[in-house]
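Read the structure below first, then the notes.
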Amino acid sequence: MAISTPQRILVTSALPYINGVKHLGNLAGSMLPADVYSRVMRLLGHDVLYICATDEHGTPAELAAADAGLTVSEYCDAMHIAQAEAGAAFKLTYDYFGRSSSESTQRLTQEFALALEANGFIEERISKQVYSVADGRYLPDRYVEGTCPNCAFEKARGDQCDSCGKLLDPIDLIDPYSAVSGSRDVEIRDTNHLYLKQSEMSGKLREWVESHRADWPTLTTSIAMKWLDEGLRDRSITRDLEWGIPVVDDDGNTRDGFDGKVFYVWFDAPIAYIGATQDWAAKTGGDWEPYWRTDKGADETRYVQFMGKDNVAFHTLSFPTTIKGSNQPWKLVDELKAFNWVTWYGGKFSTSQKRGVFMDQAIDIAPSDYWRWHLMANAPEGSDAAFTWEEFQASVNSDLANVLGNFVNRITSYCVKKFDGAIPAGGVKTDAEVWIEAELTERLPKLIAYYEAREFRKAMAETRAIWAAGNEYLTQAAPWTHYKTDVDQAAMGVRTGLNLVALFGIIAQPIIPDAAAKILEAMSIPEGNRTWNFGDAADLLDALPHGHIVSAPPVLFSKIEDEDITTWTERFGGGE
RNA sequence: GGUGGGGUAGCUCAGCUGGUUAGAGCGCAGGACUCAUAAUCCUGAGGUCGAGAGUUCAAGUCUCUCUCCCACUACCA
């Protein structure tokens with residue numbers, strides 16, 4: 001159970017988009033697993049930097065700001081704070097939660113574009129785009145609606161008809177109108193944009209993705225290879241918008257013909273990982289280069305990204321094109337963990353239909369530990385995972401309250417009652433102690449291995465199995481039976497049980513930090529003794545000094561009642 | 001339409017390069033225990049692995065056809 005060599009690890013989770021507090025699916029598929037992983041790696045002694053940021057550019061941000069009656073800048077300021085608060089409420093331990101609108105990201109984005117152009121990876125082209133005269137803006141395809149030429153559905157979007165499913169071009173729509181204002185005063189205009197020549201990078205990208213077949217999840221490589229197999233096309237990296245990063249020339253002036261244009265949000269968003277790291281360094285006095293510059297030590301850094309499956313193409317193809325095409329020593333991702341979706345009873349989360357729970361609402365109705373445990377134990381790793389209130393109730397009541405909470409309570413309160421809360425000495429090792437030692441010897445390394453492989457469901461199952469083994473141990477050791485005839489032998493069971501409580505708190509930290517802190521507090525474990533520096537199981541089971549005083553913590557997890565489920569189903573929706 | 005992922009016990013999901021009676025948790029039934037948040041521990045019942053065909057000594061696992069769900073399909077992010 002020796003600890004691995006300390007390593008510098010950079011962790012990023014996909015940037016949450018600015019237009020509102022995210023729902024549970026976003027949390028479960030990027031921020032939360034990145035947080036759990038970061039916490040585990042820190043506990044294992046690694047040097048971890050966990051970076052995230054709000055993704056603030058693009059059409060939806062402008063429209064949401066207009067709806068709120070704010071300038072885009074004011075709106076983003078407000079929503080950035082709201083998202084930071086939501087993250088804090090879920091105990092996400094970002095080392096820095098930045099913004100893609102920061103100066104550093106702006107500067108980096110412009111520098112990347114200039115380098116790419118100098119290296120021949122950027123080309124200016126003219127395309128046709130729908131312009132809404134009434135709105136005074138160009139409209140992305142899906143913001144144009146009209147009658148579907150295929151099935152005559154009257155509210156078909158410019159990219160796809162929701163009625164017949166056919167892919168469309170906004171130019172094909174009959175009677176097109178702006179989805180923003182409803183105005184029919186729309187026209188097709190020529191507009192010039194910069195294109196990132198991903199096609200020229202496809203050979204290198206394919207080679208790179210192939211080299212990660214063994215260590216990336218199937219989901220990640222299969223999505224990347226799908227795009228490569230279809231033939232990677234060049235992607236436009238600018239948009240006709242006001243809000244965003246201006247396109248400049250070598251002198252820093254607006255590029256000719258790019259007034260009223262900014263970089264496409266997906267071009268600058270991943271660059272914000274770097275920008276936010278620089279902002280972290282500026283704020284803390286840290287050094288960002290060992291994380292990002294391969295000529296400054298980043299070769300020895302392990303870079304791990306977490307994201308939902310919709311982000312994979314951008315992180316395996318576009319952003320790597322930006323990095324590689326710059327011909328500068330930037331760090332590429334080493335390990336990319338992609339998640340499927342959390343669904344709401346098998347369907348989509350929907351704000352308008354009152355289906356689903358958002359982060360701020362979730363915290364209102366249950367402690368963050370409950371959500372963290374449930375979402376990780378049911379992480380959408382192999383396929384989409386359905387969230388249901390019934391499953392949520394079952395995980396919390398069974399895993400947290402009954403298996404862990406009750407274990408802590410039964411042995412600590414017994415110790416307080418019979419041994420005045422002091423870790424008792426005495427007793428001899430029996431089959432029960434041999435059994436639990438063997439369990440830990442087998443399971444703790446497996447637990448760490450699952451975390452290192454970023455197999456979260458399995459890590460949670462292993463955690464639970466370890467907690468459950470504690471209950472089984474107590475049944476075997478039965479100190480309450482021994483107490484009647486042999487107090488020393490009862491002491492053995494109580495002492496071992498209390499050491500298990502401490503261990504269970506230590507392994508619970510990355511998942512349910514609040515409850516873990518309460519447990520470790522009750523056991524009077526100093527902060528410095530809470531790391532995952534596990535020795536022999538026999539030592540772990542007799543680690544607490546004899547005579548050391550512990551207390552019985554208050555109820556760690558109160559149960560979710562059926563009435564709660566009824567109330568929440570009415571408020572947030574549920575099964576049909 | 002194309003491509004990718006998925007369809008395994010009532011529910012949520014594991015099952016690596018094909019190999020003994022297909023696993024876990026929840027739920028359910030029976031038993032044990034009484035230290036504990038009516039908690040815990042043990043035992044058990046439950047599956048023709050979406051359908052059909054094929055390859056093989058052997059298929060949940062490989063091939064083909066079909067079917068259902070989800071995602072992506074490049075100007076939503």
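Chain letters run A, B, ... following the sequence lines, proteins first and then strands; every chain starts at 1. The figures that follow rest on heavy atoms only: side chains count, while hydrogens, waters and symmetry mates do not.
- Between A:H212 and A:W216, the angle of the ring planes stays under 30°, which puts this pair in the parallel group of the 30/60° scheme.
- Nearest-nucleotide mapping onto RNA chain B: of A:E381 and A:A394, the residue sitting toward the 5' end is A:E381.
- Put simply, CH2 on A:W344 is 18 Å from P on B:C70, counting in whole angstrom units.
- In this structure, of B:C11, B:C76, B:G4, it is B:C11 that holds the atom nearest to the side chain of A:E391.
- Contacts of A:W227 with the nucleic acid, taken as non-hydrogen atoms under 4.0 Å apart, include base atoms.
- Scanning all heavy atoms of the two residues, the minimum distance from A:I18 to A:C76 falls at CD1-O, 3.8 Å.
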Summarise protein proximity over nucleotides 36-46 of chain B in one line of letters, 5' to 3': B for base, S for sugar-phosphate only, - for none, counting protein heavy atoms closer than 4.0 Å. BB-SSSS----
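- As rounded to whole Å, 18 Å separates atom C1' of B:C11 from atom CH2 of A:W389.
- Residue contacts for A:Y264: at a heavy-atom cut-off of 4.0 Å it reaches a base atom on one of the strands shown.
- Atom NZ of A:K446 is surrounded by more than 12 heavy atoms from other residues, nucleotides or ligands within 6.0 Å.
- Remark: A:D431 CG is loosely packed, at most 12 non-hydrogen atoms of other residues, nucleotides or ligands lying under 6.0 Å away.
- Using a 4.0 Å heavy-atom criterion, one finds that A:E390 contacts no nucleic acid atom at all.
- Contact check for A:Y17 versus A:S100: no side-chain heavy atoms found under the 4.5 Å cut-off.
- Nucleotide B:A74 holds its C1' atom 14 Å from the CD1 atom of A:I237, rounded to whole Å.
- With distances taken from any side-chain atom of A:F314 to the nucleotides B:A77, B:C75, B:G4, the minimum falls on B:A77.
- Both tests do not hold together for A:K197 against A:Y195: distance to the six-membered ring centre under 6.0 Å, angle to the ring axis within 45°.
- Residue A:D310 is classed as a base contact, given a heavy-atom separation below 4.0 Å to a base.
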